[in-house]
Amino acid sequence: MLRYNYFPGCTLKTTGKELEKSALKVSPRLGFELVELPRWHCCGTVVALSSDNKMHSIGAVRTLIRVQETGDPKVVSLCSICYNTLARVNQRFNTDAEFRDAVVKFMDDEPEYEGKVQSLHYLQVLRDEITYDRVKEAVIRPLSGLKVAPYYGCLLLRPKEFSIDPNYESPTVLEDLIESLGAEAVDNPYKNECCGSYETVHNPDQVASMVYNIIEGARKNGAEVLVTSCPLCHFNLDRRQQILIKATPDFQPMPILYFTELMEMALIEERPQWTNHTVSVDEILDRFYK
Amino acid sequence: MELVLSKHKEDLREKIMYISGEDFYRCYQCGECSAGCPAADKMDILPNQINAYLQAGEFEKVLESKAIWVCVACFECGTRCPHEIDIAKINEALRQIKIRKNMDLYNIWEVASTGEFPTVALVASFRKFTA
């Protein structure tokens, strides 16, 4: 079976557990295994944008060194933020000599990083290495009739040189996966727009208003459920709907799934026991598990 | 017309350009950034206006704005910019100038206890908005 270095990141061990659990369940059905890196570090979350800040990238470099030690240069993330940060820090290491020298000197307790690791998102592995044809073959429960809106958010697509889809303004990698599972992908005009991200900590109302646009945009196109790849997007899209339910009388909640949870529905026999949804998914599950 | 800046303003300009690594003088006010910004309706100064104020030497005006704390670096502005000015980096530099004087946006202990948050949200928020 194919094996990939897997970097979970902090949130897949806390509020985003279901993203990891479902991915670990479905991968073997597609002929590959995610092998968690030993002694991984936080990627540093969102990448430091200050030219003079090197410290916030140290965690990411340490993780890249752990990947280097495995002998396989590829590392797969499920979290969009981890994917993006590992890729950006790796690029900075390779293009910014001052950054590289300072980091190497600071980390003299570690083997020197050679800059050769390739950060991949799980969706890239599915599309490019496993292929969606293989996904189609593995489907045991086609999600016929289910109308699914994709949600990319920011860090799978931007900055554009780090986009997992060559068409960063109008990507299709999630749509193609949704269709491979037998469901219907519906257009979502807000699929590339920010969910409010970490603004959720001190300004949840701002996030709620951004979530409203995303969900209403999807609903107007007939979506019944929305899928995402990011544990922070999931938290915002799911939890911040509770603010909208209280504040906006005509608002109808929409269930939010990780793309891997949608895969679990199509690829695994047993009915999932998810615990991370404040907006209930039961109605949709009832349709597919008699 | 030549813009003559005081020593204090000259220092601020250098600092913003150094920390961000971006040249805001390249902006020609097409407005693509503000048209694409998903949080523009929550900002007191729009992304293109931030560049305009910086070009005019009105650094304090931008440093005191709410907009720089509304931006969460989704990179929509920089992706759309025909001159590839990464405005998210400019906003980060402006926040850093405040944060490096210990002017945090909020009190960590008060905010973190207001609910359950994903780890990634807490770490990102603390790194972007506090010293």
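Labels below follow one simple rule: chain letters A, B, ... track the order of the sequence lines, proteins then strands, and each chain is numbered from 1. None of these values were measured; they are calculated from a predicted model.
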Residue [X] excluded, over 12 heavy atoms near [atom1] under 6.0 Å:
{"X": "B:Lys42", "atom1": "NZ", "value": "yes"}
{"X": "A:Lys17", "atom1": "NZ", "value": "no"}
{"X": "B:Glu14", "atom1": "CD", "value": "yes"}
{"X": "B:Lys61", "atom1": "NZ", "value": "no"}
{"X": "B:Tyr53", "atom1": "OH", "value": "no"}

Heavy-atom closest pair, residues [X] and [Y]:
{"X": "A:Cys10", "Y": "B:Val120", "value": "SG-N, 3.9 Å"}
{"X": "B:Phe129", "Y": "A:Glu199", "value": "CZ-OE1, 3.6 Å"}
{"X": "A:Thr14", "Y": "B:Thr119", "value": "OG1-OG1, 2.7 Å"}
{"X": "B:Cys71", "Y": "A:Tyr198", "value": "O-OH, 4.5 Å"}
{"X": "B:Pro38", "Y": "A:Glu193", "value": "CB-OE1, 3.4 Å"}
{"X": "A:Leu49", "Y": "B:Ala88", "value": "CD1-O, 3.9 Å"}

* With chain B, which of A:Cys154, A:Cys42, A:Ser50 has the greatest number of heavy-atom pairs at distances under 4.5 Å? ->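 The candidate making the most pairs under 4.5 Å is A:Ser50.
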* **Side chain B:Arg127, main chain A:Val46, donor-acceptor under 3.5 Å** =>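 Between the backbone of A:Val46 and the side chain of B:Arg127 there is no qualifying donor-acceptor contact (under 3.5 Å).
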Atom pair [atom1] ([X]) and [atom2] ([Y]), whose distance is rounded to the nearest 0.5 Å:
{"X": "A:Cys194", "Y": "B:Glu76", "atom1": "SG", "atom2": "CD", "result": "9.0 Å"}
{"X": "B:Ser125", "Y": "A:His202", "atom1": "OG", "atom2": "NE2", "result": "6.5 Å"}
{"X": "A:Arg239", "Y": "B:Glu116", "atom1": "CZ", "atom2": "CD", "result": "4.5 Å"}

Contacting moiety of [X], where chain A heavy atoms sit under 4.5 Å:
{"X": "B:Thr79", "result": "both"}
{"X": "B:Ala124", "result": "both"}
{"X": "B:Tyr18", "result": "both"}
{"X": "B:Glu84", "result": "side chain"}
{"X": "B:Phe117", "result": "both"}
{"X": "B:Ala112", "result": "neither"}

* To do: Using the six-membered ring of B:Phe75, assess whether NZ or CZ of A:Arg88 lies under 6.0 Å from its centre and within 45 degrees of the ring axis.
  =>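 Geometry flag: set, cation within 6.0 Å and 45°.
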* Asked: Hey, are A:Asp52 and B:Arg100 close enough for a salt bridge, meaning a charged N less than 4.0 Å from a carboxylate O?
  ->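 Between B:Arg100 and A:Asp52 there is a salt bridge, with a charged N closer than 4.0 Å to a carboxylate O.
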Give, as side chain, backbone, both or neither, the part of [X] having an atom under 4.5 angstrom from any heavy atom of chain B.
{"X": "A:Tyr190", "answer": "neither"}
{"X": "A:Ser51", "answer": "both"}
{"X": "A:Leu155", "answer": "side chain"}

* Look at B:Gln96, B:Arg95, B:Lys128, B:Lys89 and state which one has the largest set of heavy-atom pairs under 4.5 Å with chain A. =>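 It is B:Lys128.
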